[in-house]
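In each ligand, atom 1 is the first atom listed, and ligand 1 is the first ligand listed. If you're wondering where the values come from, they're calculated on a predicted model, not measured in any experiment.
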Amino acid sequence: MGFVVAIDGPAASGKGTLARRLAEAYGFAHLDTGLLYRAVARILIDKNRPLEDEQAAEAAAAALNLAYVEESRLRGAEMGRAASIVSAYPAVRRALVDFQRRFAEQEPGAVLDGRDIGTVICPDAQVKLFVTASTEERARRRHRELALRGEDIGYEAVLEDLRARDARDSGRATAPLKQAEGAHVLDTSALDIEEALAHARRIVDAARTGA
Ligand code: CDP
């Protein structure tokens, strides 16, 4: 079992970039678990199935092939919204647990980011981070990110979408978004990525040396 860094937090909090940079810094593997739920939603849409079709979503999750998890088709705003619908189905979440846990076992270590990594998937992770930022700052970041992809839906629409998604992710019965026990909270509202990374590295370094 390698060293595990579990990162959770709401949409556009900066957890994805932080997870990637941390993994690079330590030579760990990185899994953006949101992509798994986005891929499940994508499969339903490609098959013309409604997102409300829980059985089809479960079947898609059970058969999920990593080859399908191709980022460019999954990153848009619509997929984020769709992912937050299928991710609320307990059977979908169950079907993805083993894959995520196996991923986390890699040597020398792994960084997983999502909503329930520290609470459900890797409750024994050596480091747990809860990355957050104000809703307005997150909306600004997501708006910029989408505009760069050529998907400018307007700041207000992004803000509204984030609020709806936060409510759905935090309010669902199965594996809701919440701070794990023992998690370090990292509020990135006023931090750029290098500052957030430096902060997270201090936490990881301390855990690695048993400080
Ligand atoms: O950064 P953003 O939230 O837009 O995207 P994401 O991390 O790819 O997550 C998309 C959706 O997948 C979230 O709104 C959650 O509903 C769901 N998700 C989840 O339930 N559990 C995870 N471990 C990761 C994502």
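Looking at heavy atoms from C-beta onward, Arg73 lies out of side-chain contact with Arg38 at the 4.5 angstrom threshold.
Looking from atom 12 (O) of ligand 1 to the surrounding protein, the closest heavy atom is Ala83 CB, 3.7 Å. From the protein, the heavy atom lying nearest to atom 4 (O) of ligand 1 is Arg142 NH1, 2.5 Å. At the top of the distance list for atom 17 (C) of ligand 1, counting protein heavy atoms only, stands Ser87 OG, 3.5 Å. Protein heavy atom closest to atom 3 (O) of ligand 1, with residue, atom name and distance, is Arg115 NH2, 2.4 Å. Among all protein heavy atoms, the one lying closest to atom 16 (O) of ligand 1 is Asp169 OD1, 2.6 Å. For atom 5 (O) of ligand 1, the closest heavy atom belonging to the protein is Arg38 NH2, 2.8 Å. Nearest to atom 25 (C) of ligand 1 among the protein's heavy atoms is Gly34 CA, 3.6 Å.
For Ala88, no heavy-atom contact with ligand 1 is shorter than 4.0 Å. Residue-level proximity to ligand 1 for Arg168 is absent, since no heavy atom of it falls below 4.0 angstrom. With a heavy-atom cut-off of 4.0 Å, Arg165 touches ligand 1 through its side chain alone. Here Arg172 has side-chain heavy atoms under 4.0 Å from ligand 1, and that is the only part of it that gets that close.
Cation-pi contact between Arg115 and Tyr37: absent, since separation from the ring centre below 6.0 Å together with deviation from the ring axis within 45° is not met.
Side chains of Arg141 and Thr188: a donor on one and an acceptor on the other come within 3.5 Å. Judged purely by distance below 3.5 Å, without hydrogens or angles, the side chains of Ser87 and Arg172 pair a donor atom with an acceptor atom.
For atom 24 (C) of ligand 1, the candidate residues are Asp113, Thr33, Ile117, Leu146; the nearest heavy-atom contact is made by Thr33.
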